[in-house]
Protein chains: 2
Amino acid sequence: MSDQTIATDKLRIAILGGEYLPGERLVEAQLCERLGVSRFNVRAAIQELAADGLVKVERNKGAHVRKVSIDEAVEITEVRMVLEGLVAARAAAKVTDAQASELDEIGLLMRRAVSAGEFRRYSDLNSRLHSLIRGIAGHSTADGIIETLRGQLVRHQFMLSLHPGRPAISLPQHERIIEAIRERDPKAAEDAMRAHIASVIEALRDMDAGETR
Amino acid sequence: MSDQTIATDKLRIAILGGEYLPGERLVEAQLCERLGVSRFNVRAAIQELAADGLVKVERNKGAHVRKVSIDEAVEITEVRMVLEGLVAARAAAKVTDAQASELDEIGLLMRRAVSAGEFRRYSDLNSRLHSLIRGIAGHSTADGIIETLRGQLVRHQFMLSLHPGRPAISLPQHERIIEAIRERDPKAAEDAMRAHIASVIEALRDMDAGETR
DNA sequence: TGCGCACCGATTGTTGACAATCCTGGCCGC
DNA sequence: GCGGCCAGGATTGTCAACAATCGGTGCGCA
C-alpha cells in the first residue's frame, strides 16, 4: 500500500473523527509530521479529500476542513433522500429471500435496541440497515455519491443520533422501509425511505433552531 | 489564471469533444506538449478530471479516458432522474413570474424547432431548459452532481440527441414540465421530470439493443 | 493616534532530476 | 517451435530544492 493511500486514509479518519474541526487550517508541513509522509503525499491526500468535499483548498492559501452550514446539510440530505429512495426502490425489485430475512433481523435488533435505550447501538444498526439496502440494490453510481455525501455530514449526523427521542420517531419509519422491500414493492419502498429521510431533514432544521436560539 | 486551470480546462474540452476516445491512454509527456504546460500541471489536471469521473487512473499504469458502459449510462441517468426531479420540484416552489415567462419562451422556441426539424437547435434548447430549471431551484448540491454526471455522459447524450424521432417524444414531456413549474406544483413538476428522464433511459436501452444487434 | 506601506517569516506552488514500475520484444533452453 | 525469462526503453511515482505568494508586523508620516 502506497504512502499516498496511507496518508489519505489517516487524514480522512482524523477529519471524520473530529480531530480537526470544521474551518481548521491544514498546514502541509504539520501534516507531514502528523502522518509521517512527505509533503508530496500530503498534497495528494488533500487533493483527494477535496474531491470528496471534506476539505476545501484555496489557491495560495492552503486547505481548510470544509465547514458545512445547516442549509448545506439540508441540501445534502435532500439529495440523499432522493438517492436513497431510488436505491430502496431498486432493492425492493432485486431483493432475495436470504436478504429479506437479513433485513428482518436488523429490524428486530433495532426494536430491541430502542426498548433497551441503547442509542449508540441503534445508530450502528441504522448504518447497517442503510448499507445493507444499498448492497441489495447494487447501484454503484448512487452508492458512491451517497457515501461521499455521508462523509460530508458526519458531524451533523452524529449530533442528530444523540438527539433524544429520535429513535422513537425513526424506528417505525425503518420498519416501514423494511416491510416495503420485503414485499418487493418498489414504490412503497421509495416512499417510505423518502418519508424517513424527510423527517431527518426536519430534525436537522429543528436542531438548528434550537442551537441558534 | 493558473496553468493548472488552463490545462484542466483544455483537457476536459478535448475529452468531451471526442478528441480522445473512451479507453484511450493519456500519456503525461504527450499531454505536456499538447497542452503546453509542465508535467506537474498535467498531473494535477488528470487528478481533477479523475475526480469528475472523466478519466480513470491506475497506479503505475497511467490514465485512460473513462469508458462508460450502457449499464453505467443507465445508472447515471437514473441518478440524474431523481436529482432533476428534486430540482424541478424545488423550482416549482421558488419560481418567480419573470422566470415563468422565460420557461414559456423556451417552450415556444422548442415547439418551433421541432416543427422546423431543427434537431441541433432543439438539443441546445433542451440544455437551456434543464439549465434554467436548475438555476431557478438554486440547489447547489444537486446542481454540482448533475453537472458532473452530465459530463460523464456526453457521448451517449450526443448519440441520443441525433436519434430521429426523439424530439417528437420529448417535446410534450418538456411542455408538461414547464407547465407544472409554472403552476407552482412541485409534485407534478417532479413527476413530469422523472417521466421525461425515464423515457430517456428507455431510449438509451433501445439504442443499445439496436447497436449490439 | 491612526493610516498606509514596505518588509519578512511562513506557507504554498513549481520545477527538474531521479527512482520505481511496467510493458515489449527478443533470446535461451527445452 | 514454444514457453518462459530477462533486459531495456518508456512511463509514472517521488523527492528535495527553489520560486512565488500571502499575511502579519512594525515603522514612518501626517
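None of the values given here were measured: they were computed from a predicted structure. Proteins come first, then strands; the chains are lettered A, B, ... in the order of their sequence lines, and each starts at number 1.
- Partners of A:H139 according to the side-chain hydrogen bond (donor to acceptor under 3.5 Å, both in side chains) rule, which considers only residues two or more places apart in sequence or in another chain, are B:E78.
- Identified under the salt bridge (Lys or Arg N to Asp or Glu O under 4.0 Å) test for residues 5-18 of chain A, with sequence neighbours left out: A:D9-A:R12, A:R12-A:D52.
- Partners of A:Q152 according to the side-chain hydrogen bond (donor to acceptor under 3.5 Å, both in side chains) rule, which considers only residues two or more places apart in sequence or in another chain, are A:R66.
- Within the 4.5 Å cutoff, no side-chain heavy atoms of A:L83 are placed close to those of A:V87.
- Residues satisfying the salt bridge (Lys or Arg N to Asp or Glu O under 4.0 Å) criterion with B:R25, sequence neighbours excluded, are absent altogether.
- For B:T141, the side-chain hydrogen bond (donor to acceptor under 3.5 Å, both in side chains) partners at least two apart in sequence or on another chain are A:E75.
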Extract all donor-acceptor atom pairs below 3.5 Å that involve side chains of residues 35-43 of chain A and protein atoms in other chains or at least two apart in sequence.
from  : atom 1 : to    : atom 2 : distance (Å)
A:S38 : OG     : A:N41 : ND2    : 3.1
A:R39 : NH1    : A:E28 : OE1    : 2.4
A:R43 : NH1    : A:E28 : OE2    : 3.0

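- Between chain A and DNA chain C, the heavy-atom contact criterion of under 4.0 Å yields a 5' to 3' nucleotide range of C:dT11 to C:dT14.
- Applying the salt bridge (Lys or Arg N to Asp or Glu O under 4.0 Å) test to residues at least two apart or on different chains, the pairs with a partner in residues 132-145 of chain A are A:R134-A:D143, A:R134-A:E147.
- For B:D71, the side-chain hydrogen bond (donor to acceptor under 3.5 Å, both in side chains) criterion is met by no residue, not counting sequence neighbours.
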query: Just by protein heavy atoms under 4.0 Å, how would nucleotides 7-20 of chain D read 5' to 3' in B, S and -?
result: ----SBBBB-B---
Taking distance alone, no hydrogens or angles, what donor-acceptor pairs closer than 3.5 Å link side-chain atoms of residues 191-203 of chain B to residues at least two apart or in another chain?
from   : atom 1 : to     : atom 2 : distance (Å)
B:D191 : OD2    : B:K187 : NZ     : 2.8
B:R194 : NH1    : A:E190 : OE2    : 2.9
B:R194 : NH2    : A:E190 : OE1    : 3.3
B:R194 : NH2    : A:E190 : OE2    : 2.9
B:H196 : ND1    : B:Q173 : OE1    : 2.8
B:H196 : NE2    : B:H174 : NE2    : 3.1
B:S199 : OG     : B:R166 : NH1    : 3.4
B:S199 : OG     : B:R166 : NH2    : 3.4
B:S199 : OG     : B:Q173 : OE1    : 3.4
B:S199 : OG     : B:Q173 : NE2    : 3.2
B:S199 : OG     : B:H196 : O      : 3.4

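- When the C1' atoms of four end pairs are superposed on the next four at each end of the helix from C:dT1-D:dA30 to C:dC30-D:dG1, using five pairs per end, the two resulting axes differ in direction by 10°, to 10°.
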